[in-house]
Q: 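Quick one: structure below, then a few questions.
The model shown is predicted, which means the values in this text are computed figures rather than measured ones.
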Amino acid sequence: MKITALVENISDGSVKSAHGLSFYIETKMHKLLFDVGPNSTLFENAVKKHIDLSQVDTVIISHGHKDHGGALKRFLEINKTAKIYLQQSAFDKHSVKVLFLKISVSLDKNLADDRRIVLVNGNYKIDDELMLFTAKYSGGFHSQANMNLYAGKELDDFRHEHNLLIRENKNVVLMGCGHSGVINILKSVPDVRPAYCIGGFHVFDPVSRKTVPRSQLDELSAAINEFEDVKIYTCHCTGTDAYKYLKNKNNNISYIKCGKTLEIN
């Protein structure tokens, strides 16, 4: 399995960075995208990495925020065959509160009627290799950075968020922002213990530019110790300060920058 970060907040120097996320993944059965990022960054970086996005057969949009699905319209224009999987509520109204204003972070609802869009409700098995799942466990870590995110008029409960389990020689879990909590997500993986977990922790607020308090990072670090056998690659909404702090406490955490490729055998 090869996993290349085509959109991420920090570049390895070979490509352009952007606030958002997209992974290109080659498995035994698929060429797929997990998220598509906010803008043209995905397409520019795919050219630099010699990746033909027209050959992608499956797209997973992790949740209904445009830094993860903003480039979907253009993707649908250049790729005519891939199926795109989202939770049913992913096209609902989502916003971030900045002072007294709510700024939309919603996906383009006009795309919801495209024939290739597959809206799912909860866990969904795509095939023997790919499984979408939601965080059913809710007793673990929840980030303070979620508290300015809304679904409609209410605080977001992230029912529009799902994660991807890839069953191969080694089982891999991919998250977008992990709004439901990385520990809750890991405890909700269906049937297997993953060898890898890749995605954001959402402990950095991109609006205020602040990381959650150290007390929250300590809570998260302690919980991650329950999964010390899982190799964790974090990115995006974790932020560099939180990553460095957690890295000093947890030996199983690394960072995957934009342009980086992981090979998992």
Q: Answer yes if the side chains of D218 and Y245 hold a donor-acceptor pair under 3.5 Å, and no otherwise.
A: yes
Q: Would you confirm whether K2, through its side chain, and T261, through its main-chain N or O, come within 3.5 Å as a donor-acceptor pair?
A: no
Q: Is the closest side-chain donor-acceptor distance between H68 and H236 under 3.5 Å?
A: yes
Q: Can you label the angle between the H179 ring and the H63 ring as parallel, tilted or perpendicular, going by 30° and 60°?
A: perpendicular
Q: Is the Lys NZ or Arg CZ of R209 less than 6.0 Å from the centre of F204's six-membered ring, within 45° of the axis?
A: no
Q: The test is side-chain contact (heavy atoms from CB on, under 4.5 Å); show your working for S221 and I224 and say whether it passes.
A: CA-CA 5 Å; S221 174; I224 287 173; 5.7 Å; no
Q: Given the rule in the salt bridge (charged side-chain N to carboxylate O under 4.0 Å, His left out) test, do R193 and D229 qualify, once you have shown the distances and angles that lead to the verdict?
A: CA-CA 9 Å; R193 181 83 165 185; D229 59 318; 2.8 Å; yes
Q: Does the Q216 side chain pair with the main chain of V203, one donor and one acceptor, at a distance under 3.5 Å?
A: no
Q: Between H94 (side chain only) and G64 (backbone N and O only), is there a donor and an acceptor less than 3.5 Å apart?
A: yes
Q: Whether K125 and D128 form a salt bridge (side-chain N of Lys/Arg under 4.0 Å from carboxylate O of Asp/Glu) is what I want to check.
A: yes
Q: Check whether any side-chain N or O of N171 sits under 3.5 Å from a backbone N or O of P194 as a donor-acceptor pair, and report yes or no.
A: no
Q: Is D52 paired with K31 through a side-chain N to carboxylate O contact shorter than 4.0 Å?
A: no
Q: I'd like to know if K16 pairs up with E44 as an ion pair, taking the criterion as any Lys NZ or Arg NE/NH1/NH2 lying under 4.0 Å from an Asp or Glu carboxylate oxygen.
A: yes
Q: Could you check whether the rings of F158 and H160 sit parallel, tilted or perpendicular, using 30° and 60° as the cut-offs?
A: tilted
Q: For L72 and I117, run side-chain contact (heavy atoms from CB on, under 4.5 Å): C-alpha distance rounded to whole Å, both residues' side-chain angles, the deciding distance at 0.1 Å, then the answer.
A: CA-CA 11 Å; L72 183 55; I117 297 290; 4.2 Å; yes
Q: Does L53 form a side-chain contact (heavy atoms from CB on, under 4.5 Å) with L33? I'd like the steps, not just the answer.
A: CA-CA 9 Å; L53 296 179; L33 285 174; 4.2 Å; yes
Q: If you round to the nearest 0.5 Å, how far is SG of C197 from CG of L165?
A: 11.0 Å
Q: Sub-3.5 Å donor-acceptor pair from the side chain of T238 to the main-chain atoms of T234, do we have one?
A: no
Q: Side-chain heavy atoms nearer than 4.5 Å, only ILVMFWY residues, links allowed to pass through others: does that put I198 and I253 together?
A: no
Q: So, E161 versus T134: side-chain donor-acceptor pair below 3.5 Å or not?
A: no
Q: Just by distance, no angles: are the side chains of N225 and N250 close enough, under 3.5 Å, to form a donor-acceptor pair?
A: yes
Q: Within the supplied structure, the quantity of interest is the number of heavy atoms (other residues, nucleotides, ligands) at a distance under 6.0 Å from K102 NZ; does it exceed 12?
A: yes
Q: Treating S22 as the side-chain partner and D35 as the backbone partner, does any N or O pair qualify as donor plus acceptor under 3.5 Å?
A: yes
Q: Are V172 and L130 joined in one hydrophobic group, where the rule is that I, L, V, M, F, W and Y side chains link up if heavy atoms are under 4.5 Å apart?
A: yes
Q: Parallel, tilted or perpendicular: which fits the ring planes of Y243 and Y255, with parallel below 30° and perpendicular above 60°?
A: perpendicular
Q: Would you kindly say whether N169 and N265 are connected by a side-chain donor-acceptor distance under 3.5 Å?
A: no
Q: Can any side-chain N or O of T58 pair as donor or acceptor with the backbone N or O of K83 at less than 3.5 Å?
A: no
Q: Applying side-chain contact (heavy atoms from CB on, under 4.5 Å) to S95 and Y150, what does each step give before you reach the verdict?
A: CA-CA 5 Å; S95 60; Y150 286 78; 3.5 Å; yes
Q: Supply the atom-to-atom distance L86 CG to I60 CD1, rounded to the nearest 0.5 angstrom.
A: 8.5 Å
Q: Taking NZ, NE, NH1 and NH2 as the nitrogens, is one of them in D108 or K66 under 4.0 Å from a carboxylate oxygen of the other?
A: no
Q: Check whether any side-chain N or O of S188 sits under 3.5 Å from a backbone N or O of Y137 as a donor-acceptor pair, and report yes or no.
A: yes
Q: Quick test of your reading of the model: are E8 and K260 salt-bridged, counting only N-O distances below 4.0 Å?
A: no
